Amino acid sequence: MILLLNLEKLFTPLLNQAYISLFFTALLILFFILKKYQYSLRSLLPFKYVEKSITEDLLKQLYHITSSQKTTDFRMLSGALKIPERKILKVVESMTQNGLIHISEGHVTLTKTGKNYALSIIRIHRLWEKYLSEKTGFDKSLWHDLAEAKEHQLSKEETEALYEELGRPRFDPHGDPIPTALGEMISETGTSIVGIPKGTVTKIIHIEDEPKSIYRQIIKEKLHIGAHVKILNADNHHIIFESEGHSIQLSTVVASNIQVVLLNSQETYEEGNVRLSSLIEGEHATILGISSECRGANRRRLLDLGFIKGTFLNLEYMGPNQNPRAYRLRNTLIALRNDQADFILIKKTQYDRTGSL
Amino acid sequence: MKNKDIQDLLDLASELRWEIGENFHDTLVEGIYTDAAQIAQKTEIKIGEPNPYSFERKLDQVLTSKKYGFPVMILILSIILWLTIQGANYPSSLLASFFLEFLYPMLKTGASQIGLPWWLDGFLIDGVYLALGWVISVMLPPMAIFFPMFTLLEDFGYLPRVAFNLDSLFKKSGAHGKQALTMSMGWGCNAAGVVATRIIDSPRERLIAIITNNFSLCNGRWPTQILIATIFIGALVPDNFSSILASLAVIGIALLGIGFTFLSSWMLSKTLLKGEVSTFALELPPFRPPNLWTTLYTSLIDRTLIVLWRAIVFAAPAGAIIWLISNIYVDDLSLANITIDWMDGFGLFFGLNGVILLAYVVAIPANEIVIPTILMLTVAHLNLMGAGNGVMFELESTTETAALLHAGGWTLLTGINLMLFSLLHNPCSTTIYTIYQETKSWKWTVFASIMPVILGFLVIFLVTQMWQLFQ
Amino acid sequence: MTELEACDSCALNNSAQLLKLGINVENADYVIALAGNPNTGKSTVFNSLTGLKQHTGNWPGKTVTRAEGGYRFKDHKMKLIDLPGTYSLLSTSQDEEITRNFILFGKPDVTIIVVDAARIERNLNLVLQILEITDRAVLCLNLMDEALRHHIDIDERTLGKELGIPVVKCSAIKKQGISELISTVHQVATRQIICKPHRIKGLSKSVKKMVEKLDKIIRKNYPGLPNSRWIAMRLLDADADIIKALKNGDFINN
């Protein structure tokens, strides 16, 4: 009887515990290596699978370099993309044949077709970041990498459907303009926060998400687009400024990735502007607004619950772990986590005008 | 409206959207609240001094305070669990004696009187009827006590406070504070716990709560845990201490379940579910006296009976299959015995045995019938004379059960592994069906069904290996 | 549509769409929807209207439960649908989508909006949104006893005037005001009371102008649509569902 096949005999020699643990450990290590270096390991794949994505990355890189008025050569490109020079040359060859780039005296420049191609890739990248920020729960430190992969996958039709679904956005969540389908792009008007004189009040309009290590430092300070920033002090190495009631010190290298503009005539800098998370038991406050960093479902939820500009509220109690905390507004108790309360800007007030508490 | 007109309209709308700026939604909600405030001001009449809700506030301060918040919570939960376990004992044994000792022999006699062929009699009465009898008598009483009490606390407004107190704990594993409630509901019944996840309105946290609910040791599994702990773990120490050690072991398993809930919640939120939308909102409604009779009635209808009905629908065919595999013979061996022999090597490798594995395969509809099935299969496999092939039963005393299991080759390791496997295996088919109903996704249903079994095999494999290492 | 003229008080609901939404209206003269914020005692109102004679089911393809029940009043059979409790109709969560679609496409003959009398300002957020979609509604001021205990009363005549719909004070848990609610609902269903619902005014001038511009185009194409202004606002907000419904022609069979 086949059914009576004794599995024990079959399994015992095979399933020796030492082998098993070794096997699992090896699998685990392999998994982490693949995950960590998936991007650089791409060059190990057969050429025809990666030609498209290398071409597109190269075009993007060239576009950024050209728009900052610099020139480039093969070595710089291969270094920036972490791809061996030999492979780059192969791609460059076919790109030249396709009329995407132009080479003279070792310098590489984009042709008109190449520029349009590059812009269409940037369009997908920024639209996808917008999508991730509005419709998914991915952390913002992951947006860039996910969009890097997605930009090589979406077809033209899919891109336009995405554009419609998102309500035809013009800026990505980092404040960068999204090129139109015709390859037009609004030029950026912001200036670096470094070099702004002390005492000036500005608004953040762009935070560069590359390099990642610097981007993480900026996120850690909870700085975000739309935040008002007052420069307190600056020297050659550091810049100190105030934002949403917090004083922040950044090194010049990090701060140079933040772009700001002066406030326009309708905007005013609220001196007492702090985050809701700083409210303590028994204190009252008026809501000034929800930070633009809070998006999608989270933002709509807060608005529906009544966290609207001009609303009076007080902190009713903190709970056993100080997080979440219960706020009373419009005679209702709503619990918010502290990271949500960070998004809500308030001005503390002495008393509550509605008198309904 | 012609397509072109629609396109023009949409184009115009997006043009205008940009004139407003990106936050029309904010503008709209602000506009609505402005109107609301005006209307409220015109129509609200304050009679005398505003009443400051002083009692509610004091109660809230106590229930959410650092000092009393957790003790009160643990006290209330213990009372509910105690009432459920103690209170269910009597009606459960009453139902069991009615279905299994009173009605069962009557049906058997009746069947032989009208001359039903033995196979039909066995199939219907020994198979289908007995399985239903077991499921109803073990499942109904605890659910009928547990759920109404839960609903009363919910209507009173206490449960949102529990979610509030525990949220920071759940947040660390990427879950929602309300999962504390669905988890406790799971101690009553996983299917009901899965339905209860509707209170979590954030998609990511809700999926986490659904997938991990199985780690809450449900009603159907408590009896298995208690029986096995008494036989194998209680026996390790002198009689005076055996019941204490056995209870500690069961509590340990339940706590291990909580541990696995947190661990798998955390892993899910960091990997598979990190892209799902996550929001948090928790209203703490005012305390209100619950409407006792309506609550009892609706919780009985909405929760207890619906879940019981699903369990019955799934248990009936299981009873039939259990009877069939014990009574269909190939080459002088019943299908059950063939399968047991076939699975035995695999089972022993993981520190279980073929009987247990087969019992878990056929008893997938309800954990309640695992022990009766194991006993029945053990007797059949040992070729002892029992109540008859394919008839599920339980023995009068724990000593007899212990003797039977020892005869079946069970060791302390088998006992420990069965307890672990009873915690970490696939949800029962009622729960699987409910998970599908709730997620409408095969992907998540399959995942939620398979993930715990893999985890279970991994854990008992490690335990068995360690055991053999120290032997 | 001469039939409609002949029968002023006939049911106006969209039975074809209702069937699609999983509601069988064969045995009912009128379809009544029950909406409201969570924690307003909505299910108590539902139970006191239907006397616990209810059955539950799921919305087709959705995971939200639906309670259905019925009652008779003056020889008319009323079918009551309990919609999920929501704070708003703008967040596009599943519950909100169901509530909105039911009122928008199912066109119930009357929508009862249950509010907590002690928290009226906050509850009005949902009320005002519903009134943008339907013009056949009754406001049920529930939990009146609790509000009075906390020294809050409501001037229901002014409130009714402001909202343009009948307002009934209730305390469903004590069965107070339920009979008045039933007769008011009947009057709205049979068109003895015609509502003139409040429309959102708090928008800035420029935004209002844009809404009107879109509204005008929609009205020109779909004359008689009661919620064209609301659709205009949803288009401004880039509501993907509404855009899809517009393209599919879901607003035509009116």
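For clarity, every value in this text was computed on a predicted model and none was experimentally measured. Per chain, numbering begins at 1; letters A, B, ... match sequence-line order.
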So, taking the atom named [atom1] in [X] and the one named [atom2] in [Y], what distance separates them when rounded to the nearest 0.5 Å?
X: C:Lys201; Y: B:Ile39; atom1: NZ; atom2: CD1; value: 6.5 Å
X: B:Asp201; Y: C:Asp95; atom1: CG; atom2: CG; value: 8.0 Å
X: C:Asp239; Y: B:His25; atom1: CG; atom2: NE2; value: 9.5 Å
X: B:Leu16; Y: C:Lys213; atom1: CG; atom2: NZ; value: 5.5 Å
X: B:Glu44; Y: C:Leu159; atom1: CD; atom2: CG; value: 10.0 Å

(request) Flag yes if more than 12 heavy atoms outside B:Glu15 fall under 6.0 Å of its CD atom; otherwise flag no. (result) no

Segment of [X] engaging chain B (4.5 angstrom heavy-atom cut-off):
X: C:Leu128; result: side chain
X: C:Ser206; result: neither
X: C:Arg234; result: side chain
X: C:Asn123; result: neither
X: C:Glu156; result: neither
X: C:Arg122; result: both

Under 4.5 Å between any side-chain heavy atoms of [X] and [Y], yes or no?
X: B:Thr43; Y: C:Ile120; answer: yes
X: B:Ile45; Y: C:Ile154; answer: no
X: C:His150; Y: B:Lys46; answer: no
X: C:Met233; Y: B:Phe24; answer: yes

(message) Distance alone, cut at 3.5 Å: any donor-acceptor contact between the side chains of B:Tyr33 and C:Glu121?
(response) no

(request) Among the options B:Thr34, B:Val195, B:Leu28, pick out the one with the most heavy-atom pairs lying under 4.5 Å from chain C. (result) B:Leu28

(request) Identify which of B:Pro203, B:Gly157, B:Ala37 forms the greatest number of heavy-atom pairs closer than 4.5 Å to chain C. (result) B:Ala37

(request) Output the residues of residues 161-179 of chain C for which the shortest heavy-atom distance to chain B is under 4.5 Å, in residue-number order; output 'none' if no such residue exists. (result) C:Glu162, C:Leu163, C:Ile173

(message) If I compare all heavy atoms of C:Leu246 with all of B:Leu9, which pair ends up nearest, and what's the gap?
(response) CD2-CD2, 3.7 Å

(request) Give the minimum heavy-atom separation between C:Asp237 and B:Arg17, together with the two atoms involved. (result) C-NE, 4.4 Å

(request) Mind running salt bridge (charged side-chain N to carboxylate O under 4.0 Å, His left out) on B:Asp35 and C:Arg199 for me, showing each step along the way? (result) CA-CA 9 Å; B:Asp35 279 19; C:Arg199 294 286 145 109; over 6 Å; no

(request) Quick one: which of C:Leu203, C:Leu124, C:Asp153 has the most heavy-atom pairs under 4.5 Å with chain B, could you say? (result) C:Asp153

(request) Find the one option among C:Leu90, C:Val207, C:Thr44 whose heavy-atom pairs under 4.5 Å with chain B are most numerous. (result) C:Leu90

(request) Mark yes or no for whether B:Arg288, through its side chain, and C:Glu146, through its backbone, hold a donor-acceptor pair below 3.5 Å. (result) no

(message) Main chain of B:Pro285, side chain of C:Asn39: is a donor-acceptor contact present, judged purely on distance under 3.5 Å?
(response) no

(message) Run the side-chain contact (heavy atoms from CB on, under 4.5 Å) test on B:Arg198 and C:Gln94 for me, step by step, so that the C-alpha distance in whole Å, both residues' side-chain angles and the decisive distance to 0.1 Å come before the verdict.
(response) CA-CA 11 Å; B:Arg198 286 177 181 169; C:Gln94 209 176 33; over 6 Å; no

